K.L.:
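My structure is below; once you've seen it, I'll send some questions.
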Amino acid sequence: MRIDIVNWDDPDATALRAGQRAEIAERYGTPDSEPGVAPSAEDIAVFTVARDGSGAAVGCGGLRDLGGGVGEVKRMYVLPAARGTGAAPLVLAALEDWARGRGWTHLRLETGDRQPDAVRFYTRSGYTPIPRFGAYAGSPSSLCFEKALGAPLPAASGAGAAARLD
C-alpha cells in the first residue's frame, strides 16, 4: 500500500470522492447533507490517494487549512472492498504527518451521526470529541473531533507501506 499526493482533479481522486458522496447520500437520504462550503481545489491544501499493491486507487483524504495552525480532514474515504486493509490509517497518518511538517498543531474533522464506523475509526486514531465548529455549529447531526499533533513521525516502514508526500 502506498500513499500519493495528487491534484484535486486527479481522475482517481475524483472517482473516490464521488464514491464517498454517493455513500453519504445513501446514509442520509439526501444528495447534499454537507453543511457549509464543499471542499474544492481552491481550499484543499493537500489531497492524497491510497493505492494497493497493484497501483489501484482504494482510498483518499485531504486537508483544508483553517488557519492558525489548524487543519480540517476532508473527504476521507476507502472503497468498501478495501476496508480493513489498512488504507484508512495510512491515509490519516500521511495527512497528519504532512500537517506536522508544515507546523500545524491540530487537526479537526466533522462526521455525521449516521457514521458510527467513522466515529470508531477517528476515536481509535486519537481524535476526541469537540463542540461543533464553523459551518457545523448549527448542524445537529454533525459530530466534531480534534487531535493535537506532536512532532513529525519517522518515515513509514514495514508492512509494505510507502508514502510519497512531497
Side-chain angles (χ1 to χ4, degrees), residues 1 3 5 8 13 16-40 42-50 58-80 82-154 156 159 161 163 165:
M1 188 84 56
I3 307 297
I5 289 183
W8 178 259
L16 287 163
R17 287 193 310 272
Q20 187 257 2
R21 296 313 302 157
E23 185 173 321
I24 296 300
E26 185 176 322
R27 287 189 189 207
Y28 290 90
T30 177
D32 185 18
S33 62
E34 182 168 11
V37 177
S40 68
E42 289 74 36
D43 72 352
I44 291 296
V46 65
F47 201 80
T48 62
V49 169
V58 298
C60 65
L63 293 175
R64 176 185 274 166
D65 187 352
L66 298 180
V70 178
E72 180 182 5
V73 177
K74 298 299 294 180
R75 296 300 189 259
M76 276 286 300
Y77 180 69
V78 173
L79 294 173
R83 292 180 186 163
T85 64
L90 285 174
V91 168
L92 190 57
L95 293 173
E96 291 171 356
D97 221 26
W98 187 94
R100 280 185 202 96
R102 275 123 191 104
W104 294 9
T105 59
H106 292 81
L107 287 183
R108 292 181 181 165
L109 62 93
E110 181 268 353
T111 191
D113 59 2
R114 295 185 187 175
Q115 295 169 264
D117 46 345
V119 171
R120 282 189 305 274
F121 170 70
Y122 290 123
T123 55
R124 278 193 317 255
S125 300
Y127 288 75
T128 57
I130 61 170
R132 292 186 296 263
F133 65 94
Y136 314 114
S139 176
S141 66
S142 289
L143 305 171
C144 295
F145 297 83
E146 183 175 79
K147 181 177 183 177
L149 301 175
L153 299 174
L165 298 178

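All of these numbers come straight from a predicted model, not from anything done at the bench.
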K.L.:
At their closest point, which heavy atom of Ala50 faces which heavy atom of Met1, and how far apart are they?
P.N.:
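Where Ala50 meets Met1 most closely, the heavy atoms are CB-SD, 4.3 Å.
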K.L.:
Using the side chain to side chain contact (heavy atoms under 4.5 Å, CB included) criterion, which residues pair with Ala13? Sequence neighbours excluded.
P.N.:
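For Ala13 the side chain to side chain contact (heavy atoms under 4.5 Å, CB included) partners, ignoring immediate neighbours, are Val6, Asp10, Arg17, Phe47, Val49.
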K.L.:
List for me each residue that meets side chain to side chain contact (heavy atoms under 4.5 Å, CB included) alongside Ala88, sequence neighbours excluded, and say none if there are none.
P.N.:
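Partners of Ala88 under the side chain to side chain contact (heavy atoms under 4.5 Å, CB included) test: Met76, Val78, Phe121.
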K.L.:
Ala38: what forms a side chain to side chain contact (heavy atoms under 4.5 Å, CB included) with it, not counting sequence neighbours?
P.N.:
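Once residues adjacent in sequence are excluded, the partners of Ala38 under the side chain to side chain contact (heavy atoms under 4.5 Å, CB included) criterion are Glu34, Arg75.
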K.L.:
Considering residues at least two apart in sequence or located in another chain, which fulfil the salt bridge (charged side-chain N to carboxylate O under 4.0 Å, His left out) criterion with Arg64?
P.N.:
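So Arg64 forms a salt bridge (charged side-chain N to carboxylate O under 4.0 Å, His left out) with Asp43, Glu72.
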K.L.:
Could you tell me which non-hydrogen atom of Gly59 sits nearest to which non-hydrogen atom of Leu16, and how far apart they are?
P.N.:
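Reported closest heavy-atom pair: O-CD1, 3.3 Å.
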K.L.:
Drop me the distance from Trp104's CH2 to Asp65's CG, to the nearest 0.5 angstrom.
P.N.:
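Trp104 CH2 to Asp65 CG: 4.0 Å, rounded to 0.5 Å.
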K.L.:
Using the ring-ring contact (aromatic ring centres under 6.0 Å, His included) criterion, which residues pair with Phe133? Sequence neighbours excluded.
P.N.:
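Phe133 satisfies ring-ring contact (aromatic ring centres under 6.0 Å, His included) with Tyr136 only.
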K.L.:
Using the side chain to side chain donor-acceptor pair (under 3.5 Å) criterion, which residues pair with Tyr127? Sequence neighbours excluded.
P.N.:
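Listed in chain order: Glu96.
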K.L.:
So, for Trp98 and Ala45, which heavy atoms are closest and what is the spacing to 0.1 Å?
P.N.:
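It is CH2-CB, 3.6 Å.
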K.L.:
If you look only at pairs with a residue in residues 108-130, which of them pass as a salt bridge (Lys or Arg N to Asp or Glu O under 4.0 Å), with sequence neighbours excluded?
P.N.:
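Residue pairs passing salt bridge (Lys or Arg N to Asp or Glu O under 4.0 Å), neighbours aside: Arg27-Asp117, Arg108-Glu146.
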K.L.:
Could you check Leu92 against Tyr122 for side-chain contact (heavy atoms from CB on, under 4.5 Å), going step by step and ending with a plain yes or no?
P.N.:
CA-CA 9 Å; Leu92 190 57; Tyr122 290 123; 4.2 Å; yes
K.L.:
Could you give the distance from CG (Leu95) to CG (Leu90), rounded to the nearest 0.5 Å?
P.N.:
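Answer for the CG-CG pair, Leu95 versus Leu90, is 11.0 Å.
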K.L.:
Can you tell if the side chain of Gln115 reaches within under 4.5 Å of the side chain of Ile24, non-hydrogen atoms only?
P.N.:
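A side-chain contact exists here, since the closest heavy-atom pair is under 4.5 Å.
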K.L.:
Between CG of Leu63 and CZ of Arg102, what distance do you get to the nearest 0.5 Å?
P.N.:
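Between Leu63 CG and Arg102 CZ, I get 9.5 Å after rounding to 0.5 Å.
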K.L.:
When rounded to the nearest 0.5 angstrom, what is the spacing between CG in Leu109 and OG in Ser125?
P.N.:
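Reported to 0.5 Å precision, the distance equals 9.5 Å.
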K.L.:
Ignoring hydrogens, what is the shortest heavy-atom contact between Ile44 and Pro39? Give both atom names and the distance.
P.N.:
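Shortest heavy-atom contact: CD1-CB, 3.5 Å.
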K.L.:
Could you measure the distance from the CG atom of Asp97 to the CD1 atom of Ile3? Nearest 0.5 Å is fine.
P.N.:
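Interatomic distance, Asp97 CG to Ile3 CD1, rounded to 0.5 Å: 11.5 Å.
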K.L.:
So Val119 and Phe145, side-chain contact (heavy atoms from CB on, under 4.5 Å) or not? Walk me through it.
P.N.:
CA-CA 9 Å; Val119 171; Phe145 297 83; 3.9 Å; yes
K.L.:
Could you pull out the closest heavy-atom pair between Leu149 and Ala99, with the gap in Å?
P.N.:
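Heavy atoms only, the tightest pair is CD1-CB, 3.7 Å.
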K.L.:
For Arg132, check salt bridge (charged side-chain N to carboxylate O under 4.0 Å, His left out) against everything at least two apart and list the hits.
P.N.:
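Listed in chain order: nothing, the list is empty.
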K.L.:
Ignoring hydrogens, what is the shortest heavy-atom contact between Pro131 and Cys144? Give both atom names and the distance.
P.N.:
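Where Pro131 meets Cys144 most closely, the heavy atoms are O-CB, 3.9 Å.
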K.L.:
Would you call Thr48 and Ile5 a side-chain contact if the rule is heavy atoms closer than 4.5 Å?
P.N.:
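Yes, at least one pair of side-chain atoms sits under 4.5 Å.
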K.L.:
Which pairs count as salt bridge (Lys or Arg N to Asp or Glu O under 4.0 Å) when at least one residue sits in residues 82-93, sequence neighbours excluded?
P.N.:
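Listed once each, the pairs are Glu23-Arg83.
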